[in-house]
Each structure stands twice: as C-alpha cells, then as structure tokens.
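Single-structure report; data block below.
Values below: every heavy atom of this structure, side chains too, minus hydrogens, waters and symmetry copies.
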Amino acid sequence: MKDKKVLFTVQAAAIAAIYVVLTVVFAPLSFGEVQIRFAEALTILPFFTPAAIPGLFVGCLLGNFFGGAIPIDIICGSLATLVAAMISRQLRFNKWLVPLPPIAANVLVVPFVLFYGYGVNLPIPFMMLTVGIGEIISSGILGMVVLLALERYQNVLFKNTSYTNA
C-alpha cells in the first residue's frame, strides 16, 4: 500500500516537472492568443495513470507561474487543466477521446483569460479558434503521438501500477 502511494507521488511529481520545463523552455510559444504549448501533449497521461491528474494540475500551475502569467491565468488555466485531466481519466476506455477534454477546456477558458485578464483586444470567438488550433496541435496531434508511443511500452512503464486503466 505504501509503495503505491510513493509511486503515485513520484509519477505525479515527474509529470509536473516535465510540464513545467516544457512550458518554460518554450515560453514564447506557450503563451498568448496563438499558442502551441508542447507541455499539453502530456494531457493524455490520465489514460495511463491517475497520478497524471495532480501532476498536470501542479505542472500547469507552476508552469504558468514561472512563465510569468498573471494570477487569474495561473488559477483559471490550472483549474481548466485539472477538470480536463479528470474527464480525460474517465474517457480512458477510448484512447481517441482522451485529448478532447483538454482541447475543450482550453478553448472555453483561455480566450476569456486573454481578453479580460491580459486585455487582448481580439474577438473571443477568434481567440477560441486560435487557441483551439494550438490545442489540437499540442494535445490532439502531439498528445496522440505520445499516447501511441507510450502504449507500446505500457506494460514496462506502468507495470507496477495496478490502477492503470482500471
């Protein structure tokens, strides 16, 4: 029992750390009205482990903080990631649906943060489109590449986690 808790914590921390690094290293692409956040490719990880839920939430929170986001962006963006990760975990029985919650959550939240928080003077529907395109690229396409690659090694990477896809 204790080993599972430790493994859960380590997986969550590793996911958070990778998310932060990818967000900060690629900061010029990770923020703004047209954004391709490569860290969003990790949003498929709830397919494999529930540890991805807190990992993605904390990673997004810290990535936004260290990336220089304003408080409303840090809070709302991270909560959108948390909700999306929880829904993605529920959709794990159809791998093709797993990237949809992060895409939808970001399309519905980020444009309002950009408009009201950052004062970006573009129509919200236009920003929904631009954020959506970036999210389709990062979560939908790159995320599915990651999912399909990890799926081949699922028994090795997640063999000691009896909670994967259960």
Side-chain angles (χ1 to χ4, degrees), residues 7-67 69 72-114 127-154 157-158 161 163-166:
L7 183 60
F8 182 93
T9 303
V10 169
Q11 286 178 345
I15 291 166
I18 295 167
Y19 192 103
V20 171
V21 169
L22 288 173
T23 300
V24 174
V25 168
F26 296 105
L29 296 173
S30 298
F31 298 94
E33 51 277 356
V34 178
Q35 55 182 260
I36 300 172
R37 187 176 283 201
F38 293 110
E40 286 289 299
L42 301 176
T43 60
I44 54 80
L45 292 176
F47 176 78
F48 298 104
T49 174
I53 297 169
L56 291 168
F57 172 68
V58 171
C60 184
L61 188 85
L62 294 174
N64 284 347
F65 178 78
F66 290 119
I72 193 74
D73 191 3
I74 295 168
I75 294 166
C76 291
S78 302
L79 288 174
T81 297
L82 176 63
V83 169
M86 292 184 335
I87 297 170
S88 289
R89 180 70 184 161
Q90 296 304 312
L91 298 175
R92 70 188 177 278
F93 297 107
N94 184 337
K95 66 183 167 193
W96 303 105
L97 296 178
V98 171
L100 295 181
I103 294 169
N106 282 289
V107 164
L108 293 173
V109 172
V110 172
F112 290 95
V113 170
L114 292 170
M127 288 190 285
M128 288 175 141
L129 177 67
T130 61
V131 168
I133 290 169
E135 197 64 25
I136 288 168
I137 292 168
S138 59
S139 185
I141 296 171
L142 294 176
M144 284 308 296
V145 169
V146 170
L147 187 147
L148 295 171
L150 290 177
E151 190 176 40
R152 299 179 100 187
Y153 304 102
Q154 179 175 353
L157 294 172
F158 302 103
T161 57
Y163 51 75
T164 56
N165 287 333

Discussion item. As a test of understanding, state which of Val58, Asn64, Leu62 forms a side-chain contact (heavy atoms from CB on, under 4.5 Å) with Cys60.
Written reply: Asn64

Worksheet item: Is the shortest heavy-atom distance from the side chain of Phe38 to the side chain of Ser138 under 4.5 Å?
Response: no

Item to complete: Could you tell me whether Arg37 sits above the aromatic face of Phe31, with NZ or CZ closer than 6.0 angstrom to the six-membered ring centre and within 45 degrees of the axis?
Response: yes

Worksheet item: Can you check whether Val98's main-chain N or O pairs, donor with acceptor, with Ser88's side chain at less than 3.5 Å?
Response: yes

Discussion item. Does Phe65 have more than 12 heavy atoms from other residues, nucleotides or ligands lying within 6.0 Å of its CZ?
Written reply: no

Worksheet item: Quick check: does any side chain N or O of Ser30 sit under 3.5 Å from a backbone N or O of Thr23, one acting as donor and the other as acceptor?
Response: yes

Response to the item:
CG (Leu61) and OH (Tyr19) are apart, to the nearest 0.5 Å, by 10.5 Å

Fill in: Spatial distance of atom CG (Leu150) from atom CG (Leu42) [nearest 0.5 Å]
9.5 Å

Item to complete: To the nearest 0.5 angstrom, please state how far the CD1 atom of Ile103 sits from the CD1 atom of Ile137.
Response: 10.5 Å

Item to complete: Supply the atom-to-atom distance Ile44 CD1 to Leu142 CG, rounded to the nearest 0.5 angstrom.
Response: 11.0 Å

Worksheet item: Does a donor on one side chain sit under 3.5 Å from an acceptor on the other, for Asn106 and Gln35?
Response: no

Worksheet item: Any sub-3.5 Å donor-acceptor pair from Arg152's side-chain atoms to Ala149's backbone N or O?
Response: no

Response to the item:
Correct closest heavy-atom pair for Ala84 and Ala105 would be CB-CB, 3.9 Å

Item to complete: Using the side-chain contact (heavy atoms from CB on, under 4.5 Å) rule, take Leu82 and Leu56 through it: C-alpha gap first, then chi angles, then the decisive distance, then the call.
Response: CA-CA 7 Å; Leu82 176 63; Leu56 291 168; over 6 Å; no

Response to the item:
Taken to the nearest 0.5 Å, the spacing of Arg89 CZ from Arg92 CZ works out to 4.0 Å

Discussion item. Please find the pair of heavy atoms, one from Val109 and one from Ala80, that lie closest to each other, and give the distance.
Written reply: CG2-CB, 3.9 Å

Worksheet item: OG1/Thr49 to CD/Gln11 distance, rounded to the nearest 0.5 angstrom?
Response: 4.0 Å

